S.K.: 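Below is the structure I would like to discuss, written out as structure tokens.
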4 protein chains.
Amino acid sequence: MARPLSPGKRNTLLAVATKVFANKGLSASTASITGEAGFAEGTLFVYFKGKDDLINTLYAEIKLGLANAMLSDLPKSNSVELQTKHIWNNYVEWGVKNPDQLALLHKIKVWEGLRPEVRDGTAARFAELHELTEHAIKSGVFNDIPHDFFAAMLTAQAETTMQFMRKDAANSDMFRDKGFEIFWNGITRKK
Amino acid sequence: MARPLSPGKRNTLLAVATKVFANKGLSASTASITGEAGFAEGTLFVYFKGKDDLINTLYAEIKLGLANAMLSDLPKSNSVELQTKHIWNNYVEWGVKNPDQLALLHKIKVWEGLRPEVRDGTAARFAELHELTEHAIKSGVFNDIPHDFFAAMLTAQAETTMQFMRKDAANSDMFRDKGFEIFWNGITRKK
Amino acid sequence: MARPLSPGKRNTLLAVATKVFANKGLSASTASITGEAGFAEGTLFVYFKGKDDLINTLYAEIKLGLANAMLSDLPKSNSVELQTKHIWNNYVEWGVKNPDQLALLHKIKVWEGLRPEVRDGTAARFAELHELTEHAIKSGVFNDIPHDFFAAMLTAQAETTMQFMRKDAANSDMFRDKGFEIFWNGITRKK
Amino acid sequence: MARPLSPGKRNTLLAVATKVFANKGLSASTASITGEAGFAEGTLFVYFKGKDDLINTLYAEIKLGLANAMLSDLPKSNSVELQTKHIWNNYVEWGVKNPDQLALLHKIKVWEGLRPEVRDGTAARFAELHELTEHAIKSGVFNDIPHDFFAAMLTAQAETTMQFMRKDAANSDMFRDKGFEIFWNGITRKK
DNA sequence: CATGAATGAGAGTTCATTCAT
DNA sequence: AATGAATGAACTCTCATTCAT
């Protein structure tokens, strides 16, 4: 299948689907998405093989967007702490700015139809982060734990932090910094 | 009084529903639950007002079970660290032993039909934990953060830890203890 | 089947069923009737073979009650006009006083489950009326029409009259008398 | 524009529904209608929002058809009696030719789901009839009764007449004329 | 490519009825 | 006799998907 002619329509569908699924749940009908987008019901199936394909695509694209956001403008030559904090800040700010995408990510994560290869798909994009971490663990800055455990802890704590930043916007910065402090203190090796 | 409502049947339905929903998602049919339980389709509606009611009940019961597990045998007179570690261990061990319940809890948490009063329902049962935390924050042992942020961080890190304990059973204890160490170092105040 | 032990319960069921069916339609559940009556669901089936039997019984009893009401205190020795007016008044007053029964009668009349022998069942009770009419037709007071056409016309006009008496209670007597006048002028032979 | 909605299909559905509902009652299943029509079950819901909507539409369309039939070819310049007789004949002949529609009208009239605005919907179409009656009442030809009472009496007597015309087709004309005679004698003012 | 009518399997739920208590 | 839990067929309606236009 050649690439569909209108990337604009495809993007509109992805954007509207994100909004609809985030707010109504994954059981929202495909018709509600095309309707809100102003397209005919059948058009969705021109751009995606089916609803499952749409949701899997959504997951992949959102995760990729998140990965890019996390690693944007990463200072190459700084200390591990500053680099980690940079990533942390990128991450939580993305989450605060993209609540629908974040909410949807969580819904899809526990969805029965997420394909395994999609679930583990963006690993490549995180290679940079992987190296950084690996280095920090080996050099003794970080606690001696498997890399994926480190990454999962970062994710878990950052996403918890985002929730509170969004819920209590006035103290957004406080949560962002306290959250990082807790993460950093937890993860670094004690003498 | 005719045949009395059977708590056994109710429990069977809850148990089977937990298994089915955890594995197939919340979109699993009510018929698949009664079928697996060996009951007629209508029987589910004798014990629960509808599918929504069943799922909300499931959430409340699982959360209550978790709360009870977490706080069981809590040593009253020990140090904050030992008490916290006790809770941590109870929590992650419950999660490892009850993977279906844990998986289901996450599915329901992002489900569109969870009633707010059910979502916030077991707060009372956690009062004990609340006091413990509040005390530790005030006394300066813990970082100066809102109590609910503390609780959310505990949850996030413990659940991440459980995943790794389950995935890599051979190193289960290592993850349990490393996880706690990271949590504890993060949350306690540095001089 | 011996007569059930409690005529009181049977009557309560009939009365409650009349009310419920009149207000919610014949699709009201048997449970809603036993519930409103304060009985168990199964009790209805002790007194009636099934829902169909209940509704057929209801029809027969209401029609019998109506027949008795129509013919009560009928002056034997009066003019045909006074006798007819007496019947007319009895009829419409019964209808105004028993709106649920009247409404239900109409619902059952167009119901798919009414058994033919029940539909035509109270003919016997109307024998008296039959004779009166037959006599009046033969003697030339009434128009020369089949007796059942006469009876149907009486019914149709009286029931229309009742509707207006109920809707406009202040003019209840006017409608009763105008209605009769129209009926009487219509049915009697012109010179 | 893809396949356009087919008025033919809509009409087929209405016609089949009329037949099925008239014969089996309003509790006949939607599947029995689409089945008899040779369509898929879901097709009914493309043309009507639901069963309720179908039945309400049926009522409106049948009533409109009846109104048009009643007033067709009404001679403008004739006597009140000839005009009234014309309407009467149109009415009862429609009823005799459309027994399903007539039976259904009565079922829907006592159905719990008939929407008030639909029940009172065709009033406009009857304006012509309203004027005629109003004029005749004021000019002293008709008895001094409210217009709606007049209309209800006409309906009641005409429909009773139709029943006998249908039941005894050989004497159809006799019933039609006798019926009118009774109606006319009843409704006109006596000196 | 875009459309949206048509499809029909499958869903949750209701309910008259049965029968063990 | 009275009860009400248990039943499972039947219902209306939804919806992802197809395909004629």
Side-chain angles (χ1 to χ4, degrees), chain A residues 1-2 4-6 9-10 27-35 38-55 113, chain B residues 1-6 9-10 27-35 38-55 113, chain C residues 2 4-6 9-10 27-35 38-55 113, chain D residues 1-6 9-10 27-35 38-55:
Chain A
M1 193 187 0
L5 286 196
S6 166
K9 254 177 191 159
R10 199 184 114 104
S27 61
S29 71
T30 54
S32 73
I33 292 164
T34 48
F39 304 150
E41 287 181 42
T43 301
L44 192 149
F45 296 88
V46 173
Y47 290 89
F48 304 96
K49 224 176 292 175
K51 193 184 187 181
D52 282 26
D53 182 39
L54 168 64
I55 299 178
Chain B
M1 208 197 296
R3 215 171 321 177
L5 270 177
S6 148
K9 254 177 191 154
R10 200 186 113 103
S27 62
S29 72
T30 54
S32 73
I33 293 165
T34 48
F39 305 148
E41 288 183 38
T43 302
L44 192 149
F45 298 90
V46 174
Y47 289 88
F48 304 96
K49 225 175 291 176
K51 193 185 188 181
D52 280 29
D53 183 40
L54 168 62
I55 299 178
Chain C
L5 286 196
S6 165
K9 255 178 189 158
R10 199 185 114 103
S27 61
S29 70
T30 55
S32 74
I33 292 164
T34 49
F39 304 150
E41 287 181 40
T43 301
L44 192 149
F45 297 88
V46 174
Y47 290 89
F48 304 95
K49 225 175 294 176
K51 192 183 186 180
D52 281 26
D53 182 39
L54 168 63
I55 299 178
Chain D
M1 208 198 294
R3 215 170 322 178
L5 270 175
S6 146
K9 255 177 189 153
R10 199 185 116 104
S27 62
S29 71
T30 53
S32 73
I33 293 165
T34 48
F39 305 148
E41 288 184 36
T43 301
L44 191 149
F45 299 92
V46 173
Y47 289 87
F48 304 96
K49 224 176 292 179
K51 193 183 187 181
D52 281 28
D53 182 39
L54 169 62
I55 299 178

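Note that the structure is a prediction, hence the values are computed from the model and not measured. Letters go in sequence order (proteins before strands), and every chain restarts at 1.
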S.K.: Under 4.0 Å between a side-chain N or O of C:K9 and OP1 or OP2 of F:dA1?
M.R.: no
S.K.: Answer yes or no: does a side-chain N or O of C:T43 lie under 4.0 Å from OP1 or OP2 of F:dA2?
M.R.: no
S.K.: Please say whether the positively charged group of D:K9, taken as NZ for Lys or CZ for Arg, lies over the ring of D:Y47, i.e. under 6.0 angstrom from the six-membered ring centre and within 45 degrees of the axis.
M.R.: no
S.K.: Classify B:G42 by what it touches in the nucleic acid, base, sugar-phosphate, or nothing, heavy-atom distance under 4.0 Å.
M.R.: base
S.K.: E:dA20 pairs with which nucleotide, Watson-Crick or G-U wobble, both distances below 3.5 Å?
M.R.: F:dT3
S.K.: Atom CZ in A:R10, atom CG in A:L54: separation rounded to 0.5 Å?
M.R.: 9.5 Å
S.K.: Could you pick out which residue, D:V46 or B:F45, lies toward the 5' side of DNA chain E when each is mapped onto its nearest nucleotide?
M.R.: D:V46
S.K.: What heavy-atom pair brings B:E41 and B:A31 nearest, and what distance separates the two atoms?
M.R.: CD-CB, 4.0 Å
S.K.: Take the protein atom CG of B:L44 and the nucleotide atom P of E:dT14, then report the distance between them rounded to whole Å.
M.R.: 12 Å
S.K.: Measure the distance from CG on B:D53 to C1' on E:dG12 and round it to the nearest whole Å.
M.R.: 14 Å
S.K.: If you look at every heavy atom in A:S32 and A:A28, which pair is closest and at what distance?
M.R.: OG-CB, 4.0 Å
S.K.: Looking at CZ of D:F48 and CD1 of D:I33, how far apart are the two atoms once the value is rounded to the nearest 0.5 Å?
M.R.: 9.5 Å
S.K.: Taking NZ from D:K51 and P from F:dA10, how many angstroms apart are they, rounded to a whole number?
M.R.: 15 Å
S.K.: Just how far, in rounded Å, is P of F:dC13 from NZ of D:K49?
M.R.: 12 Å
S.K.: For C:S29 and B:A28, take the nucleotide of DNA chain E holding the closest heavy atom to each; which residue's nucleotide lies nearer the 5' end?
M.R.: B:A28
S.K.: Taking CZ from C:R10 and P from F:dA2, how many angstroms apart are they, rounded to a whole number?
M.R.: 13 Å
S.K.: Starting from P on F:dT14, measure out to CD1 on A:I33 and report it in whole angstrom.
M.R.: 17 Å
S.K.: What is the distance from CG of D:D52 to P of F:dC11, rounded to the nearest Å?
M.R.: 16 Å
S.K.: With nearest nucleotide decided by heavy atoms, which residue, A:A31 or D:A31, maps closer to the 5′ end of DNA chain F?
M.R.: D:A31
S.K.: Checking base pairs now: Watson-Crick or wobble, both atom distances under 3.5 Å. What partners E:dG12?
M.R.: F:dC11
S.K.: So B:Y47, base contact, sugar-phosphate only, or nothing? Heavy-atom distance under 4.0 Å.
M.R.: sugar-phosphate
S.K.: Side chain of C:E41, heavy atoms from C-beta onward: which of E:dT17, E:dT7, E:dA5 has the nearest atom to it?
M.R.: E:dT17
S.K.: With heavy atoms under 4.0 Å as the rule, sort B:T30 into base, sugar-phosphate or nothing.
M.R.: base
